[in-house]
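Here the structure is a predicted model, which means the values were calculated and not measured. Counting starts at 1 for both ligands and their atoms, following the listed order.
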Amino acid sequence: MATTATTWGSRIGFILAGAGSAIGLGSIWKFPFWAGINGGSGFIIPYIIFTFTIGITLLIAELVVGRAGRGSALHALKHLGGPVFSVMGGIAVLTSFVILSYYSVVGGWCVKYLFDSLCGELVTNDPKVLQATFGALVGDGLTNSLWHFSFLTLTCGVVALGVVNGIERLSKYLLPTLFILMIVIMIRSLSLPGAMEGVKFLFDFSFDKLTWMSVLNAMGFTFFSLSLGCGIMVTYGAYLKDSTDIPNSSLWIAYLAIQTALLAGLMIMPAVFAMGQDPNAGPGLVFVTIPFIFSQIPFGWCFMILFNVCLLVAALTSSVSLLEVCIAYLQNEWHMKRISASILCYVGLALLGCVSALSFGVWSEVKIFDRIIFDFLDWFCSNIMMPLGGLSIALLAGWKAWNSTYIQVNLVRKYSASANSFIKFSLRFLAPLLVLVVIATGV
Ligand code: PHE
C-alpha cells in the first residue's frame, strides 16, 4: 500500500487550507441562524469554550494520526490502530463523500446567487419575490442539479490540480480575500441605524439564555465547524512536514474558524436588526433575508455581490477538503492517478447529489425518519457519522496509539507536562464522553 510523499508548500499554506476547510457554509450560513435560533450568546459562548477544549484536542489528534500514518484516512487509521480502526477510516472516507454530495447542492445555490447578483437580479422591495426565487431554485430538480454540477466542476477542477497547486494555492489567495470582504460588509452592516441591537443579541449574556439545548447544539456545531470526524484533518495531516508544530497550527485553525463565524454573525445580525427582520429566520436567512436587506440600502447591490463571493469562497475551500479525503483514498488504496480519481468522484458525486437536489421538489414526499433526503443526510452525517469518527480518533490517539500521539505533539517543541496531560485527559475521557452525548441527543 502506497503512502504519500506529497507535502504542503508552507506552514501558512497548510494553516490556511485547514482553516479553509473549517470555514465554510457552516460558519457563514449555519452559524448566524443557529445563533439566532438558540438565543445568541447562549450558543456562542459554549461554542467558543468547546472549540478551545475538545475541538482543539480532536483537531490535534486527527493531524497527529495523519502525520504518523502518512496516507489516506483509511491507511492512517489501519496503520496505527489495526483492522477495527481501518473500518472506521473507511467510514470516514464514505462520510466525506456523502457530505460532499449534498454540500455541493448548497454550493450550487451559492454559484447561482453570485451569478444572479452579478446580473443585478435579486434587488427587490418585496421579500415575497425573494422567497419565491429561492423556492423556485430549490424546488426545480433540474435547475438545482445543474447548479450543483457547476459547483462540483469547480471543486473537482481545483483538487485535480493537486495539493499544493490546487488546494493550497486556492486557500492562500481566497481566504485572506474572504476576511477582507467580510470586514467590509461587517462595517457596512454595523453602520446601519439600529445595528447595535444585533450586536447585543449576539453578545449580551444572561444565564437564562443558556439552555441545555443551546449547549448541545453548540457542541454539535463545534464538530461540524472544525470539519472533525470525517477524515479531512487526518488526510491533511498526512501532508505535514515533520517540522510543523501541530498544536500551534491547530490553535491557529481553531482561532480563524471562530473569528470567521463571529465575523459572519457581525455581518448579518446587525443588518437583520437594523432592517427589522427576524433573526430566527432559519436557513432562509442567507438566501432570502440578506438579499432583501441589501436591496434596501444604498449600494446594496455591490454588497450583495461581495456577500455572495464570500459564500462561494467559503463553500469551495471546504468542499475541496472533503474531496481530497476521497482522492487520497483512491490514490492510496486503488493506485489511481489524481486526474482519474477526480473524474470518478465527479461522476459519483454528481449522481448522488442529484438525489439531494431532487428531494426539495419531486421527491419531497420521500421521507426518512420524517426528513426529506437532503435533511436526513445532513442530520445523519452531522449527528451520527462525524461524532462517531471523532470518537474513534479520540480512542485511537488517546488510548491505542498514545505513545505515537505524544511523540508527534512534541516533535517540534516540547510542550509542558500540563499541556500534555490536558490533551491526554481530553482525548481519553472528555472528548469520548461529550461525543457520546452529542450522538445520544442527535438520535
Ligand atoms: N467546516 C465546514 C463548514 O463549517 C463544514 C464541513 C464539515 C466541511 C465537514 C467539511 C467537512 O462549513
Side-chain angles (χ1 to χ4, degrees), residues 16-35 43-44 47 50-51 55-56 58-59 62-63 66 73 91-107 109-110 151-152 155 158-159 167 170-171 174-175 178 182 217-237 250 253-265 283 285-286 310-329 345 349 377-390 393 438:
L16 288 175
S21 171
I23 297 164
L25 293 169
S27 326
I28 302 187
W29 175 52
K30 240 183 185 179
F31 176 81
F33 87 74
W34 271 40
F43 174 80
I44 295 180
Y47 159 62
F50 285 132
T51 300
I56 192 118
L58 283 173
L59 188 55
E62 289 211 8
L63 292 169
I91 292 179
V93 175
L94 190 66
T95 306
S96 281
F97 187 80
V98 174
I99 295 179
L100 183 51
S101 74
Y102 70 81
Y103 200 80
S104 165
V105 174
V106 185
W109 303 346
C110 301
F151 181 79
L152 207 51
T155 305
V158 172
V159 173
I167 299 176
L170 175 93
S171 315
L174 290 192
L175 224 57
L178 173 72
M182 289 181 83
N217 282 338
M219 207 144 59
F221 184 74
T222 303
F223 258 93
F224 190 80
S225 96
L226 289 179
S227 309
L228 293 171
C230 53
I232 294 182
M233 296 300 169
V234 178
T235 308
Y236 277 14
S250 306
I253 294 176
Y255 163 75
L256 289 172
I258 288 187
Q259 173 215 280
T260 313
L262 294 181
L263 263 180
L285 192 60
V286 157
C310 288
L311 276 185
L312 183 58
V313 167
L316 198 58
T317 51
S318 293
S319 64
V320 293
S321 70
L322 285 162
L323 184 57
E324 183 57 26
V325 176
C326 310
I327 301 292
Y329 164 76
C345 285
L349 288 162
L377 291 178
D378 183 30
W379 170 80
F380 188 66
C381 290
S382 313
N383 292 296
I384 313 237
M385 299 317 284
M386 291 175 72
L388 266 184
I393 286 290
V438 170

Where is the nearest protein heavy atom to atom 12 (O) of ligand 1: which residue, which atom, and how far?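 Sorting protein heavy atoms by distance from atom 12 (O) of ligand 1 puts Gly26 N, 2.6 Å first.
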How are the rings of Tyr47 and Phe221 set to each other: parallel, tilted or perpendicular (split at 30° and 60°)?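 Ring orientation, 0 to 90° scale: perpendicular.
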Between Phe43 and Phe31, how do the two ring planes meet: parallel, tilted or perpendicular, split at 30° and 60°?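 Ring orientation of Phe43 relative to Phe31: tilted.
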Under 3.5 Å: N/O of Ile99 near N/O of ligand 1: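 By distance alone, the answer is no.
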Does ligand 1 have any atom that is closer than 4.0 Å to a heavy atom of Met386?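 Within the 4.0 Å threshold, so yes.
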Quick check for you: to the nearest 0.5 Å, what is the distance between Thr260 atom OG1 and Ile23 atom CD1?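 Nearest 0.5 Å value for the OG1-CD1 distance: 3.0 Å.
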Looking only at distance, does Leu226 have an N or O less than 3.5 Å from an N or O of ligand 1?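 Checking ligand 1 against Leu226, no N or O pair falls under 3.5 Å apart.
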In chain order, what residues pass the side-chain hydrogen bond (donor to acceptor under 3.5 Å, both in side chains) check against Tyr329, with sequence neighbours excluded?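 With neighbours one apart ignored, the set is Trp334.
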Which of the numbered atoms in ligand 1 are under 4.0 angstrom from any heavy atom belonging to Ser225?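 Matching atoms, with element in brackets: 1 (N), 4 (O).
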Using a strict cut-off of 4.0 Å, indicate which atoms of ligand 1 neighbour a heavy atom of Ser227.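 Those atoms are 1 (N), 2 (C), 6 (C), 8 (C), 9 (C), 10 (C), 11 (C).
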Any N/O of Phe224 closer than 3.5 Å to an N/O of ligand 1?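 So ligand 1 has an N or O lying under 3.5 Å from an N or O of Phe224.
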Quick test of your reading of the structure: of Ile232, Ile28, Ile23, whose heavy atom lies closest to atom 10 (C) of ligand 1?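 Among Ile232, Ile28, Ile23, the closest heavy atom to atom 10 (C) of ligand 1 belongs to Ile232.
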Which distance, rounded to the nearest 0.5 Å, do you find between the CG of Leu311 and the OG of Ser27?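 Interatomic distance, Leu311 CG to Ser27 OG, rounded to 0.5 Å: 10.5 Å.
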Under-4.0 Å heavy-atom contact with ligand 1, by part of Tyr103 that carries it: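 The answer is the side chain.
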Using a 4.0 Å cut-off to any heavy atom of Ser21, which atoms of ligand 1 qualify?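 Listed by number with element: 1 (N), 2 (C), 8 (C).
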Applying the side-chain contact (heavy atoms from CB on, under 4.5 Å) test to Leu170, which of Leu16, Val313, Val159, Leu316 qualifies?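 Per the side-chain contact (heavy atoms from CB on, under 4.5 Å) rule, the option paired with Leu170 is Leu316, out of Leu16, Val313, Val159, Leu316.
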Which class fits the ring pair Tyr103 and Phe224: parallel under 30°, tilted 30 to 60°, perpendicular over 60°?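 Plane angle between 30° and 60°, so tilted.
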Among protein heavy atoms, which sits nearest to atom 4 (O) of ligand 1, and what does the distance come to when rounded to 0.1 Å?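 Result: Ala22 O, 3.0 Å.
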Proximal atoms of ligand 1 relative to Leu322 (non-hydrogen, under 4.0 Å):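 So the atoms of ligand 1 that pass are 10 (C), 11 (C).
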With a heavy-atom distance limit of 4.0 Å, tell me whether Ser96 approaches ligand 1 through its side chain, its backbone, both, or neither.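 The answer is neither.
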Has Ser382 got a side-chain atom pairing as donor or acceptor with Trp379's backbone, closer than 3.5 angstrom?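 Looks like no, no N/O pair under 3.5 Å.
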Quick one, Ser21 with Ser227, criterion side chain to side chain donor-acceptor pair (under 3.5 Å). Give me CA distance, side-chain angles, the key distance, then yes/no. CA-CA 7 Å; Ser21 171; Ser227 309; 3.0 Å; yes
